[in-house]
Amino acid sequence: MSGGEAAGERRILYYRNPMGLADTSLVPKQDSMGMDYIPVYEGEESEDGTVTVSAGKLQRTGVRTVAAVIAPLSVSIRAPGIVTLDERQVSVIALRTDGFIESVADVTTGARIEAGAPLFSFYSPEIAKAIALFVSDSRGGAAQARGARQRLENLGVPPEVISRLAANGTAEVTIPLSAPRSGVVLERMASEGMMAKAGETLFRIADLSAVWIVAELPEAQLAQVREGALARISFPGLTGLPIEGQVSIIHPEIDLVTRTGRLRIELPNKDGLFRVNMFVDAEIRLSAESVLQVPDSAVISTGDRQVVIRDLGEGRFKPQPVRTGRRGGGMVEIAEGLDEGDRVVSAATFLIDAESNLNAALKALDSAGVQP
């Protein structure tokens, strides 16, 4: 059958590539895979790229269309993160003067400890002199002992020890120290018999009832996030639903090497399930603005542009270049190319693409001076 031969009441104009490539033939032929070229009948194609598809073919291919709508677009950003300590809930136990550790309680790294539990006892020559002065001055009355009491407080002697010295009137040379907060022992450096310098870390205790999630985002995405934004935190190592939180801090600096910035999300951790250095997936929700949008499935990417297939009614369809914006919730923002209420193909898009020979239609649009 030649290109000008009639098929029923319709005349075949040409045959096109079955895969939608911009390749046509005036006579029947097959492609490299042995597939027959598809006949294009008179009235099914126009110079502006519009194609007419019969109602029966539309029904068989399951083509569905939707209208472009203006509605809030639910946009979120995903970022990797890590569990860290709440730095406000960490205590370092150290002496304020040189001393000798006489005994250490049965407290080890990783153990849970309650506030007020004994940690170690020590002897300090400087504190011993201050205690002797305080006991002596206490015999002269509270006013006279005020200065000596202040010195003991400055040296880090616990208030209960000072009160006991004042009540008993006898000097003590061994001073006990207890845990200032409940939590987990992160570090134990104290050993019996060691000499501890002033300021040297002997114990480090952290309250893990709350933790921080520190996530990293590329600088372009970080600019879209605001403090107070909702976040859903998923733990790959734990089962259960994601945990809801809020962005509390956005760090002011960008890493020079990775070009990423950090933000912080605070989470309660009463059950202690979240452990320091655990990896997390953070989904941060951005503000939902009302924009013109269509389903993701309606947009075809041709490499250098995005296109939708507009439904012109009565079985007529036309490729329409568009400029897309943000994506979220299965929808994509249409910044240019469509108006509210325009109908586009949302299902079986590529079947319509094949019917209209999209690449050829776009070529025709370019030659006509139409730009996306």
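From a predicted model like this one, the values you see are computed outputs, not experimental measurements. Values below: all heavy atoms of this structure, side chains included; hydrogens, waters and symmetry mates excluded.
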| field | Taking every non-hydrogen atom, the tightest pair across Val294 and Ala68 | value | CG1-CB, 3.7 Å

| query | Under 3.5 Å, is there a donor-acceptor pair between the side chain of Asp311 and the main chain of Arg343? | reply | no

| request: Might you work through the side-chain contact (heavy atoms from CB on, under 4.5 Å) test for Phe235 and Leu273, ending with a clear yes or no? | output: CA-CA 10 Å; Phe235 295 80; Leu273 296 177; over 6 Å; no

| field | Spacing of CD1 belonging to Ile284 relative to CD belonging to Gln221, to within rounding of 0.5 Å | value | 8.5 Å

| remark: On a heavy-atom basis, the closest approach of Pro295 and Val332 is O-CG1, 3.9 Å

| task | Kindly write out the residues that satisfy salt bridge (charged side-chain N to carboxylate O under 4.0 Å, His left out) with Arg285, not counting sequence neighbours, or none if the list is empty. | result | Glu244

| message | With heavy-atom distances below 4.5 Å as the criterion, would you say the side chains of Ile243 and Arg232 are in contact? | response | no

| Same cluster for Ile265 and Val83 if Ile/Leu/Val/Met/Phe/Trp/Tyr side chains link at under 4.5 Å? | yes

Could you list the donor-acceptor pairs under 3.5 angstrom formed between side-chain atoms of residues 171-184 and any protein atom two or more places apart in sequence or on another chain?
| unit_1 | atom_1 | unit_2 | atom_2 | d |
| --- | --- | --- | --- | --- |
| Glu172 | OE1 | Arg164 | NH2 | 3.3 |
| Glu172 | OE2 | Arg164 | NE | 3.0 |
| Thr174 | OG1 | Glu102 | OE1 | 2.8 |
| Arg181 | NE | Ser91 | OG | 2.7 |
| Arg181 | NH1 | Gln89 | OE1 | 3.0 |
| Ser182 | OG | Glu114 | OE1 | 3.2 |
| Ser182 | OG | Ala115 | N | 2.9 |

| Linking I/L/V/M/F/W/Y whenever their side-chain heavy atoms sit closer than 4.5 Å, directly or via other members, would Ile162 and Ile131 fall into one cluster? | yes

| field | Leu292 side, atom CG; Glu336 side, atom CD - distance, nearest 0.5 Å | value | 11.5 Å

| note | CD of Gln30 to OH of Tyr37, rounded to nearest 0.5 Å, is 10.0 Å

| Does the pair Arg151/Glu126 count as a salt bridge with the N-to-O cut at 4.0 Å? | yes

| remark: CG (Leu208) and CZ (Arg275) are apart, to the nearest 0.5 Å, by 9.5 Å

| message | Count I, L, V, M, F, W, Y as connected when their side-chain heavy atoms are under 4.5 Å apart, and connections chain through other members. Are Val276 and Leu238 then in the same cluster? | response | no

| field | Closest contact, heavy atoms only, Met195 versus Glu200 | value | O-OE1, 4.1 Å

| query | Can you tell me if Ser121 and Ser103 form a side-chain donor-acceptor pair at under 3.5 Å? | reply | yes

| Nearest heavy atoms of Leu155 and Ala130, plus distance in Å | CD1-CB, 3.9 Å

| message | Between Ile334 and Thr324, does the side-chain contact (heavy atoms from CB on, under 4.5 Å) criterion hold? Intermediate values first, please. | response | CA-CA 5 Å; Ile334 302 298; Thr324 59; 4.2 Å; yes

| Neighbour count above 12 (heavy atom, 6.0 Å) for Arg259 CZ | yes

| message | Looking at Ala132, is its backbone amide N or carbonyl O close enough to the side chain of Ser136 to form a donor-acceptor pair, meaning the two atoms are under 3.5 Å apart? | response | no

| Side chain Glu333, main chain Arg326, donor-acceptor under 3.5 Å | yes

| said: Donor-acceptor pair, distance only, cut-off 3.5 Å: does the side chain of Glu283 make one with the backbone of Ser76? | reply: no

| said: Quick check: is Leu267 connected to Met278 through a chain of hydrophobic side chains (ILVMFWY, heavy atoms under 4.5 Å apart)? | reply: yes

| message | Ile250: which residues meet the side-chain contact (heavy atoms from CB on, under 4.5 Å) condition with it, sequence neighbours left out? | response | Leu222, Val225, Glu227, Val247, Leu263

| request: Classify the side-chain pair Ser209/Asp207 by whether it contains a donor and acceptor separated by less than 3.5 Å. | output: yes

| field | Criterion side chain to side chain contact (heavy atoms under 4.5 Å, CB included) against Lys197, the qualifying member of Asp98, Leu95, Thr97 | value | Asp98

| Expected output: side-chain Ser297 to main-chain Ser346 donor-acceptor under 3.5 Å | yes

| message | Quick one: does any side-chain atom of Asp31 pair with a main-chain N or O of Met33 as donor and acceptor, under 3.5 Å? | response | yes

| query | Does the side chain of Ile82 reach to within under 4.5 Å of the side chain of Asn277, using non-hydrogen atoms? | reply | yes

| field | Backbone N/O of Gly110 and side chain of Arg188: donor-acceptor pair under 3.5 Å | value | no

| field | Hydrophobic cluster membership, Phe274 vs Val185, 4.5 Å side-chain cutoff | value | no

| message | Check this for me: Met189, atom CE, are more than 12 non-hydrogen atoms of other residues, nucleotides or ligands nearer than 6.0 Å? | response | no

| query | Say you draw a straight line from CD of Glu187 to CZ of Arg204; how long is it, rounded to the nearest 0.5 Å? | reply | 5.5 Å

| request: Could you tell me whether the side chain of Arg96 and the main chain of Asn154 form a donor-acceptor pair under 3.5 Å? | output: yes

| Which atoms form the tightest heavy-atom contact between Ile101 and Val104, and what is the distance? | CG2-CG2, 3.7 Å

| query | Measuring from Glu253:CD to Glu219:CD, what's the distance to the nearest 0.5 Å? | reply | 12.5 Å

| remark: Nearest heavy-atom contact between Leu286 and Gln224 is CD1-OE1, 3.3 Å

| Would Ile93 and Phe120 count as a side-chain contact (heavy atoms from CB on, under 4.5 Å) if you check the C-alpha gap in whole Å, the side-chain angles of each, and the deciding distance to 0.1 Å? | CA-CA 10 Å; Ile93 291 87; Phe120 63 90; 3.8 Å; yes

| Is the shortest heavy-atom distance from the side chain of Val344 to the side chain of Val322 under 4.5 Å? | no

